4 protein chains.
Amino acid sequence: MIDREEFEGVVRDLVPSAGQGIEVLSIGDGAARLKLPYRPDMMRPGGTISGPAQFGLADVTLYGCVLSRLGRVDLAVTTSMTINFLRRPAPAALVAEGRLLKLGKRLAYGEVLLFSEGGEEPVAHATGSYSIPPA
Amino acid sequence: MIDREEFEGVVRDLVPSAGQGIEVLSIGDGAARLKLPYRPDMMRPGGTISGPAQFGLADVTLYGCVLSRLGRVDLAVTTSMTINFLRRPAPAALVAEGRLLKLGKRLAYGEVLLFSEGGEEPVAHATGSYSIPPA
Amino acid sequence: MIDREEFEGVVRDLVPSAGQGIEVLSIGDGAARLKLPYRPDMMRPGGTISGPAQFGLADVTLYGCVLSRLGRVDLAVTTSMTINFLRRPAPAALVAEGRLLKLGKRLAYGEVLLFSEGGEEPVAHATGSYSIPPA
Amino acid sequence: MIDREEFEGVVRDLVPSAGQGIEVLSIGDGAARLKLPYRPDMMRPGGTISGPAQFGLADVTLYGCVLSRLGRVDLAVTTSMTINFLRRPAPAALVAEGRLLKLGKRLAYGEVLLFSEGGEEPVAHATGSYSIPPA
């Protein structure tokens with residue numbers, strides 16, 4: 001319904017500062033993998049990637065999962081998101097792996113795991129829901 | 001334990017881009033009110049303030065509530081945050097009103113309501129918990 | 001839209017074991033107060049009221065908030081609920097105070113504070129959303 | 001650290017009404033699978049399994065995931081739980097599949113998917129955290 005390049009365009013429109021350089025690694029079948037390159041100006045004191053930057057990456061990844069099923073639906077909006085911060089991210093790129101757990105007529109719901117690039121243990125876990133506009 | 005000016009300094013350190021101009025309206029007794037001035041470059045297409053910007057304001061407001069009780073504790077970290085987006089924010093400043101519901105030895109927990117400046121109905125509601133480092 | 005007695009009937013239908021004796025203290029204007037009497041068989045080892053019992057009370061209280069605006073809508077269903085357990089409840093009745101933060105066409109959202117009867121500090125805080133059926 | 005039979009004993013102690021007949025299908029390595037047999041008296045009007053019953057099953061499943069790593073730790077307590085109800089459960093047994101995403105010194109965090117027995121799509125998804133007592 002939407003391919004990598006088209007979704008990278010959506011990300012550049014949605015996320016301030018030219019999408020912060022987010023790359024779409026894969027998208028399709030209710031799943032998406034995105035990468036946020038490492039940039040020192042994203043760091044909090046202590047050398048960790050800020051919570052809002054992690055939240056923003058999870059949010060746009062879940063949006064990609066929704067668009068992979070629906071195509072480009074500009075009016076789908078996040079209604080809620082829960083994020084748990086599990087480990088201090090390394091000073092490295094973040095990779096987000098999202099998947100839908102439900103796509104209904106009115107609501108979509110899914111989850112995203114965030115990893116430091118090359119790491120095996122998740123640094124954060126997010127779940128969220130999107131409101132789908134009437135057809 | 002921490003006053004308005006000292007906490008504004010914390011905010012400038014924590015939040016990228018010089019705190020995005022966040023003002024601390026009041027802080028004390030487990031509560032805090034912060035204001036995020038309106039800036040067109042924070043807007044999403046459709047004229048709304050982005051979810052991550054709302055999340056970031058809620059996060060730093062709750063952190064202020066914690067520091068108002070503990071004083072400056074650099075190692076307190078957000079462990080989880082849930083945000084519900086309730087109404088499309090107006091193209092205006094956002095005001096956040098946070099309060100603690102619990103301050104334990106190991107965990108703090110509180111809630112934040114976000115309003116468009118001058119609005120009566122909340123645009124978002126967030127709850128979150130912080131891990132308190134051992135004394 | 002619904003009064004105390006009518007909502008107590010709803011509670012008896014919804015909650016197993018004859019509503020566990022839940023009393024509706026007040027209901028109206030998007031708010032509701034309910035009381036779960038103390039019963040030793042609800043207790044967990046250690047003398048605390050079980051998490052699922054607290055969850056169930058919060059759920060039905062929020063449902064009351066919704067019905068106070070909409071009247072009896074049997075098809076409204078809980079779509080999500082987050083509960084934070086803040087303090088060990090006393091071996092006493094629980095009082096729940098709920099209020100709506102949004103009532104939209106498709107989704108309602110609100111929060112509930114739970115107290116041990118006579119206590120001033122909340123033992124738990126819940127937030128939840130309900131899906132409203134098309135009119 | 002704990003085997004099926006020992007954890008079934010824990011469940012009978014924790015969950016009212018003799019554990020409601022919950023069976024432990026497997027437990028180990030930070031994961032657990034539990035089954036809640038179908039009982040008509042658990043049903044809500046409309047023929048669905050009540051939210052609190054689903055919540056209770058998810059809670060005890062996540063507790064099993066924690067105990068599978070720590071052994072029997074009576075003082076671990078749920079600090080928060082988020083549950084999203086995705087589909088109306090069939091009038092059938094529920095199977096819960098839980099796994100830990102983090103086990104720290106002070107907090108454990110994991111997720112649980114609930115399925116109607118034999119179903120492929122989850123009926124609910126829960127995430128939760130536990131406070132680990134000092135050793």
Side-chain angles (χ1 to χ4, degrees), chain B residues 29-31 48-49 51 54-55 57-59 61-63 65-66 69-70 76-90 94-116 119-132, chain C residues 29-31 48-49 51 54-55 57-59 61-63 65-66 69-70 76-90 94-116 119-132:
Chain B
D29 290 325
T48 193
I49 296 167
Q54 293 182 56
F55 175 92
L57 179 63
D59 186 23
T61 300
L62 210 46
Y63 192 56
C65 298
V66 175
R69 290 272 190 223
L70 294 186
V77 293
T78 314
T79 55
S80 69
M81 184 84 85
T82 295
I83 187 163
N84 278 262
F85 300 102
L86 304 178
R87 293 170 183 86
R88 185 179 286 254
L94 279 182
V95 174
E97 302 186 351
R99 63 169 179 148
L100 287 187
L101 291 168
K102 185 194 177 185
L103 178 61
K105 282 181 198 161
R106 296 157 47 131
L107 273 183
Y109 172 80
E111 69 176 330
V112 181
L113 284 163
L114 301 184
F115 299 88
S116 291
E120 293 192 1
E121 302 280 15
V123 300
H125 183 234
T127 61
S129 56
Y130 279 75
S131 179
I132 311 292
Chain C
D29 290 326
T48 193
I49 296 167
Q54 294 182 58
F55 176 91
L57 179 64
D59 186 22
T61 300
L62 210 45
Y63 192 56
C65 299
V66 174
R69 290 273 190 222
L70 293 185
V77 292
T78 313
T79 55
S80 69
M81 184 86 84
T82 294
I83 186 163
N84 279 263
F85 299 102
L86 304 177
R87 293 170 184 87
R88 186 179 285 255
L94 280 182
V95 174
E97 302 186 350
R99 64 170 179 148
L100 286 187
L101 291 169
K102 185 194 177 185
L103 178 61
K105 282 182 198 161
R106 295 157 48 132
L107 272 183
Y109 172 80
E111 68 176 330
V112 181
L113 284 163
L114 301 185
F115 299 86
S116 291
E120 291 193 2
E121 304 279 14
V123 300
H125 183 232
T127 61
S129 56
Y130 280 75
S131 179
I132 311 292

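Within every chain, numbering begins at 1; the chains are lettered A, B, ... in the order of the sequence lines, protein sequences first and strands thereafter. Atoms considered below: every heavy atom in the structure, side chains included; atoms not considered: hydrogens, waters and symmetry mates. Note that the coordinates shown come from a computational prediction; the quantities given were computed from them, not determined experimentally.
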Test ring pair (Phe, Tyr, Trp, His ring centres under 6.0 Å) applied to C:Phe85 - qualifying residues, sequence neighbours left out
none
Within residues 101-111 of chain C, residues adjacent to chain B where the heavy-atom gap is under 4.5 Å:
C:Leu101, C:Lys102, C:Tyr109, C:Glu111
By side-chain contact (heavy atoms from CB on, under 4.5 Å) - contacts of B:Ser80 (at least two apart):
A:Asn84, B:Ser129
side-chain contact (heavy atoms from CB on, under 4.5 Å) with C:Ala96: which residues, sequence neighbours excluded?
C:Leu57, C:Thr61, C:Val112, C:Leu114
